[in-house]
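Everything on this sheet refers to the single structure shown next.
One-based numbering, in listed order, for ligands and for the atoms of each. Only a predicted model underlies this, so the values are computations on that prediction, with no experimental measurement involved.
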Amino acid sequence: MAELLNLESILLPGVEAKRPLIIAGPCSAETEEQVLSTARDLATKGVKIFRAGIWKPRTKPGGFEGIGSEGLGWLKRVKEETGMYVATEVANERHVFEALKYGVDMLWIGARTTANPFAVQEIADALKGTDIPVLIKNPVNPDLELWIGAVERIYNAGIHRIGVIHRGFSSYDKKLYRNLPQWHIPIELRRRIPNLPILCDPSHIGGKRELVAPLSQQAMDLGFDGLIVESHCNPDCAWSDKDQQVTPDVLSYIINMLAIRETSQTTENLSELRKQIDELDDQLLELLAKRMRIAREIGQYKKEHNMPVMQTARYNDLLNRRISQAQSMSMDRDFMRAILQTIHEESVRQQVEILNK
Ligand code: PEP
Ligand code: MN
């Protein structure tokens with residue numbers, strides 16, 4: 001499989017094989033005017049592939065669930081008027097047939113769908129006999145095998161123009177990110193299927209406009225091949241995902257500011273290690289935030305049961321146990337003591353705050 005998949009394979013005629021490959025457009029097609037006005041602006045910024053969701057998977061019912069097939073006619077107009085290629089999300093056989101009927105150039109499979117092998121197989125079966133490029137988002141859960149499984153299902157249906165998209169993973173604690181990036185998963189995917197093009201979706205990872213630029217840079221630093229970014233002519237009025245969409249102007253600025261480093265430099269080993277450090281720091285911060293949340297829950301329990309915040313025996317036990325554990329993991333005792341004390345002090349401070357509320 002590996003040798004047949006490469007960046008060139010997902011490129012459409014006239015689209016340069018230059019990093020980053022850019023796909024941009026609104027989260028959802030809303031009205032013909034919104035689609036065309038966004039598309040015209042993006043085309044003037046040099047975007048060659050336009051995205052728009054026609055059928056929208058929403059977490060809860062009642063929200064805007066997509067305009068449906070009517071919007072496919074608008075995408076057709078985008079092609080005719082701007083010359084851009086158009087891409088949309090498919091989640092079942094009917095979507096595939098409809099999209100193909102309207103001449104959609106590229107399809108993507110959403111994160112919720114990738115997590116469901118029945119749905120992926122249904123899409124794969126519907127795609128047999130076509131050679132449309134298909135991008136496969138990571139499943140909502142951080143399961144690399146499930147992601148690779150989806151790639152294999154589509155590949156086995158005879159589709160050899162495949163790319164993948166890292167859009168982050170669902171987590172219970174939504175802190176900085178809407179969907180937690182776990183860069184080591186696409187990095188491992190690259191090791192397993194070396195030529196498979198990997199794109200990043202900074203919009204769905206970040207969930208906020210201001211994270212689009214730093215996440216795009218991070219993806220470029222990690223050697224990703226492209227970006228799929230949500231862009232809307234009037235983001236504040238978007239019918240879905242308004243907080244994470246940027247105007248075509250802002251998108252163009254973000255792309256122009258990206259530092260694109262050569263993927264084959266000699267310092268690659270060093271930057272690889274630094275990226276690993278950055279990712280570990282991200283994980284450390286997420287874990288610390290989670291630990292603090294639980295400490296506050298304990299604080300609430302202590303308050304309700306009239307218990308003092310300081311439980312000295314428990315603290316001493318925790319400290320001693322972790323210090324010897326740290327030693328057995330080749331870490332310095334004093335270093336670990338200092339870290340644990342600082343964390344503990346902050347937990348106590350937060351619990352005292354709850355007590356006094
Ligand atoms: C989207 O791209 O609009 C979308 C719904 O993304 P995801 O499947 O990553 O949630
Ligand atoms: Mn969206």
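Shown here for Ile254 and Ala213, the closest heavy-atom pair between the two residues is CG2-CA, 3.8 Å.
Of the protein's non-hydrogen atoms, His204 NE2, 3.5 Å is the one closest to atom 4 (C) of ligand 1. In this structure, atom 8 (O) of ligand 1 lies nearest to the protein heavy atom Ala111 N, 2.8 Å. In terms of protein heavy-atom proximity, atom 6 (O) of ligand 1 is closest to Lys137 NZ, 2.9 Å. Protein heavy atom closest to atom 10 (O) of ligand 1, with residue, atom name and distance, is Arg167 NH2, 2.8 Å.
Screening the protein for N, O or S atoms under 2.8 Å from the Mn ion (ligand 2) yields 4; no waters enter the count.
Using a 4.0 Å cut-off to heavy atoms of Gly110, the atoms of ligand 1 that qualify are 8 (O). Of all atoms in ligand 1, listed by their number and element, those nearer than 4.0 Å to a heavy atom of Arg51 are 1 (C), 2 (O), 3 (O). Atoms of ligand 1 found under 4.0 Å from any heavy atom of Lys56, numbered from 1 in the order shown, are 1 (C), 3 (O), 5 (C).
Between Trp74 and Phe50, the ring center distance fails the sub-6.0 Å criterion.
At most 12 heavy atoms of other shown residues, nucleotides or ligands fall within 6.0 angstrom of atom CD in Glu33.
Annotation: side chain of Asp249 is not in contact with side chain of Tyr253 (no heavy-atom distance under 4.5 Å).
Of the N or O atoms in Glu89, none lie within a sub-3.5 Å distance of an N or O in ligand 1.
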